[in-house]
Amino acid sequence: MLIQLLMIVFIIFLLGLSYNLWSHLNKKFLIYSPGENLKLQNAMKFTAILLVIISIIGVIILLFGKKELNFITLVLGSITAAGFSIYLGNIRG
């Protein structure tokens, strides 16, 4: 039961992150302006969509899969968020 509760929190976190990325496509995002940087804007869109897909997969696994399969959601969500963070850290100017 605790694992399911923590997975729900993680999925909500992923959806919140996705919403944050999507809602800042034409606004200032941290120190960047995605409206002026098409590559960053596309990376934000791609990451947001990917996080929603991972969240949907996570809900399906949570409802119908074994507890051990929740690891898939954790790994995919973490790699996606980390990948975007690394991309964001390598943007110049």
Side-chain angles (χ1 to χ4, degrees):
M1 184 68 184
L2 180 62
I3 291 175
Q4 291 171 332
L5 211 57
L6 292 173
M7 286 307 300
I8 291 170
V9 170
F10 185 73
I11 290 169
I12 290 171
F13 172 77
L14 291 180
L15 290 171
L17 180 58
S18 175
Y19 174 76
N20 191 16
L21 288 173
W22 195 267
S23 66
H24 283 85
L25 287 175
N26 295 316
K27 295 187 238 174
K28 196 99 166 137
F29 180 72
L30 300 174
I31 60 170
Y32 305 103
S33 297
E36 298 172 4
N37 187 342
L38 189 59
K39 283 180 144 181
L40 175 59
Q41 193 175 47
N42 288 336
M44 288 172 68
K45 284 181 189 177
F46 179 75
T47 304
I49 292 169
L50 202 56
L51 289 173
V52 169
I53 292 170
I54 292 168
S55 297
I56 292 169
I57 291 170
V59 169
I60 292 169
I61 289 173
L62 194 60
L63 294 176
F64 303 112
K66 296 180 180 182
K67 280 193 285 189
E68 294 80 16
L69 293 177
N70 287 316
F71 187 66
I72 294 170
T73 307
L74 290 170
V75 169
L76 290 177
S78 299
I79 288 174
T80 303
F84 180 75
S85 298
I86 291 169
Y87 172 78
L88 199 61
N90 288 324
I91 291 178
R92 306 256 186 245

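Keep in mind that this is a model prediction, so the values were computed, not measured. Here, residue 1 is the first one in the sequence, and each next residue gets the next number.
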Notebook entry, point to check: Going by side-chain heavy atoms closer than 4.5 Å, which hydrophobic residues are tied to I86, directly or by a chain of links?
Noted result: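 Under the 4.5 Å side-chain rule, I86 groups with nothing.
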
With a cutoff of under 4.5 Å between side-chain heavy atoms, which Ile, Leu, Val, Met, Phe, Trp and Tyr residues group with L2?
->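 L2 shares its hydrophobic cluster with L6.
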
* In one Ile/Leu/Val/Met/Phe/Trp/Tyr side-chain cluster, 4.5 Å: L76, I79 ->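 No, no single cluster joins them.
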
Report task. Check the hydrophobic clustering (I, L, V, M, F, W, Y; side-chain heavy atoms under 4.5 Å; chains of links allowed) and say if I53 and V75 are grouped together. Result ->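 I53 does not cluster with V75.
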
What closest approach, in Å, do F10 and S78 show between heavy atoms, and which atom pair accounts for it?
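It is CZ-OG, 4.1 Å.
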
Could you list the residues that satisfy side-chain contact (heavy atoms from CB on, under 4.5 Å) with A48, not counting sequence neighbours?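 With neighbours one apart ignored, the set is S18, L21, W22.
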
**Prompt:** With sequence neighbours excluded, what pairs up with L40 under the side-chain contact (heavy atoms from CB on, under 4.5 Å) test?
**Reply:**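 Partners of L40 under the side-chain contact (heavy atoms from CB on, under 4.5 Å) test: Y32, P34, N37, M44, F84, Y87, L88, I91.
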
For the atom pair CD1 (I3) and CD1 (I8), what is the distance rounded to the nearest 0.5 Å?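 That separation rounds to 12.5 Å.
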
- From CG (L51) to OH (Y19), nearest 0.5 Å: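 The OH atom of Y19 is 15.5 Å from CG of L51, to the nearest 0.5 Å.
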
Pairs flagged by side-chain hydrogen bond (donor to acceptor under 3.5 Å, both in side chains) wherever residues 39-64 is involved - sequence neighbours left out
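Listed once each, the pairs are N26-Q41.
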
Problem set entry | By side-chain hydrogen bond (donor to acceptor under 3.5 Å, both in side chains) - contacts of N20 (at least two apart) |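 Counting only residues at least two positions away or on another chain, N20 forms a side-chain hydrogen bond (donor to acceptor under 3.5 Å, both in side chains) with H24.
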
Acceptor/donor pairs from residues 57-73 side chains to any protein atom, 3.5 angstrom cut, sequence neighbours excluded:
residue : atom : partner : partner atom : Å
N70     : ND2  : K67     : O            : 3.2

